[in-house]
Structures are given as C-alpha cells and as structure tokens.
Amino acid sequence: MKVHNFNAGPSVLPKEVIRKSVQSIIDFNNSGLSLLEISHRSIDFLEIIEKTTYLVKRVMNLNDDYSILFLQGGATLQFSMVPYNLMKKVAAYLDTGFWANNAIKEAKKFGKVKILFSGKEKKYTYISKNYEVPYNVDYFHCTSNNTIIGTQMKIFPKTSVPIVCDMSSDIFSRNLDFKQFGLIYASAQKNISTAGMTIVIVKKNILGKMKRKIPSYMNYKIHIKNGSILNTPNVFSIYTSMLTLEWIEKKGGISVLEKKNEYKAKLLYNEIDKNNCFENKIHQDDRSNMNVSFFLKDMNLKNEFNKMWKKENIIGLDGHRFLGGYRASIYNALPLKSVKFLIEVMKEFERKFSS
Ligand SMILES: *Cc1c(COP(=O)(O)O)cnc(C)c1O
C-alpha cells in the first residue's frame, strides 16, 4: 500500500536503507548470522562503527579535532550529559521551545543558566537574532530545529565559547560550517536511523576541564577512549545510520539534500500561505524546512479535513499533542511526490470547503 509518511519521529527512512537493514537481520554480509547475533566487539561490527564514524565526518566536513560517539539515552540524556561534562558554573541557553526547555531544566541542576532569549511570550513562533553570547559562560546551548512548533535557526552566533547544539531534527538536512560547533547531538529516529541511539559529535579540546566526578556512562572522554563500546551499543541503529549515510553520499551529500529540502518546504509553505483554509504562524525567516506546522482557519472543519487526509493514506499529520493543529515532517527521506500529494489534498479541501 502506498502511504505518505509525515511522522515527526520515528519517521520516514529511505526505502533502500530499510531493505538493506532488513537483509542484515536475516543474513549479515553472507555470514549465515544475523546482525543481531554478532558481538559488538567483533571485527565485523568494529568495521561498521569505523565506517559510520568516517562517513559522519566526511558528510559534515569535519577533521580529527572531532570525535564521533554513538550513545544511548536519546537526546534527552544529552540534556544532562552536556552540563555534567561542560558546565563549571554558568551556561547560556536559548529558549526556543519544548525541547530547548527540557534542556534548560536539566542544566539548572548543574549550575546557573542564563537565558539569552525566550520565545515563550510569542508562543515560540520566532527566534531572535539579537542576542549576544557572554564571553564568560562555559558554553552556549541552542536547538537548531524546533521539531514541535516548526522553527529553525538559520544563523548561529559568533562566539569564543563552545556552541552546543541539539540537531535532532535537522542533522544531515543542510550544509553548515560544522566547525563552528563544540558539540552537536542528535537522536537518530528523526533523520538518521532507528530510535535508541544518539550521535554525539564533540570537539575533543573542549573536554576534560571539569573538576567534578562524572559517572562513566555520562563521561564523553570515557566513551571516546572506548570507541563507543564502553558497553553494548545499539548495533542495529548504528548499522542503519551507516546505510543512511551511504544513501546521503549517493544522493550527492548534504548540500544536494539541502536544495531538495528547501524546495519541498517552499512548495508546502506557498500552498499554506495561498490556501484559504490554512495558516502557518511562524515568522517567515524562522520557518523550519523539516517540520511544517499549520492550522485550520476554521476549526469547525477539523473532522472534514481529518477524514480527507486519512482516506488518502497520509500518515502522521496531527500536530504535537501540546500544540494541536497539523505538522508535516518532511525529512530527508520524505519524497517530493509526497509533498506534492499533500498539496493536492489541501487544494481539494479548499475547493470543497473554502467559504
Ligand atoms: C525528538 C527530539 C528530542 C528528544 O529525543 P529523544 O531521543 O526522545 O530523547 C530532543 N530534541 C529535539 C530537537 C527533538 O526533536
């Protein structure tokens, strides 16, 4: 059955990646064993980690100043792992929405948090560019893409302190100068792989400045020393990430995907802006190219619209439970034709119900 998967996460993956990952479960590299049956310390698996590490660095154009880790605990564990390792006294955060807020809550357990900007009063519909990162904070934390409300940071501040960025929902979707970041983390289930694995990209020289004792699993340096196999990692999710990275390279790399993502987003926002039945509430400059949120202008039409898209095998269009409305997540692997299909459905809805 043909479905159009707009899920926010776990979400759409390239068909080819799914096929190959399934094959690895049945018979990994013609070994007669499943990927799920081999040791995480076997040569076969070490090669997978090595290749995935290499590919992350290559698509992001990073050198050996950076370490790549494959951890568990989701982006959520990073909310506390970051301050555990990096916060001596005070860190600066941007409050751009739900996930940023969760990061702030955890950081406050470790020291003082300076909020440089909060979008709360404007319901997180825009992201300020007018703030300055103090020179004397331990790090600056931001969320590059706000998955729930649908905003995205287009520029990052110039600062001498390490920039820590939660890129869970837009990693590998656009080309940035990744060397401007001290630490990037992203849970895999949005744009990379399956749930249960988080990629952490950390510049080695920002670590080791902390006096507090850090539990082993929470300690980046220990993971670096152990090559992400301090304990048994999520073998399957790491393997699937490798496949996605290979797919990204085959497509021409993240700059090519970025163009496609911009185009998909532009088509959809254009339709929302032009369609009499819908509206998007995000400040033009801050609209996300990954998560497109929109609302019905007339809430009385809710049942009609829901019936219509569900009948067309469109999946995952409901907005986040905290926000309501609709959200189309249009990650790397979501085909342009799914976006065009959704637009057709919205047009049809307008023809039928526009007053
Ligand atoms: C989904 C998401 C998270 C939470 O990820 P978990 O893997 O569930 O911990 C954090 N930050 C952002 C931006 C997200 O989109």
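Counting convention: from 1, in listed order, for ligands and their atoms alike. Computed from a predicted model, the values in this text were never measured in an experiment. Along the sequence shown, the residues carry numbers beginning at 1.
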For this session: Grab the two heavy atoms, one from Ile201 and one from Val56, that are nearest each other, plus how far apart they are.
Result: CD1-CG1, 4.0 Å

Exercise. Looking at residues at least two apart in the chain, or sitting in another chain, which of them share a ring-ring contact (aromatic ring centres under 6.0 Å, His included) with Phe79?
Worked result: none

Seminar exercise, completed: Those residues at least two apart in sequence (or on a different chain) that pass ring-ring contact (aromatic ring centres under 6.0 Å, His included) with Tyr263 are none

Exercise. For residues Asn306 and Tyr326, is any side-chain donor paired with an opposing acceptor at under 3.5 Å?
Worked result: yes

Exercise. Applying a heavy-atom distance cut-off of 4.0 Å, which protein residues contact ligand 1?
Worked result: Gly74, Ala75, Thr76, Phe79, Trp99, Thr143, Asn145, Thr147, Asp166, Ser168, Ser169, Ser187, Gln189, Lys190

Problem set entry | Test side-chain contact (heavy atoms from CB on, under 4.5 Å) applied to Phe322 - qualifying residues, sequence neighbours left out | Phe98, His320

For this session: Assign the ring pair Phe278 / Phe349 to parallel, tilted or perpendicular, where the plane angle (0 to 90°) is split at 30° and 60°.
Result: tilted

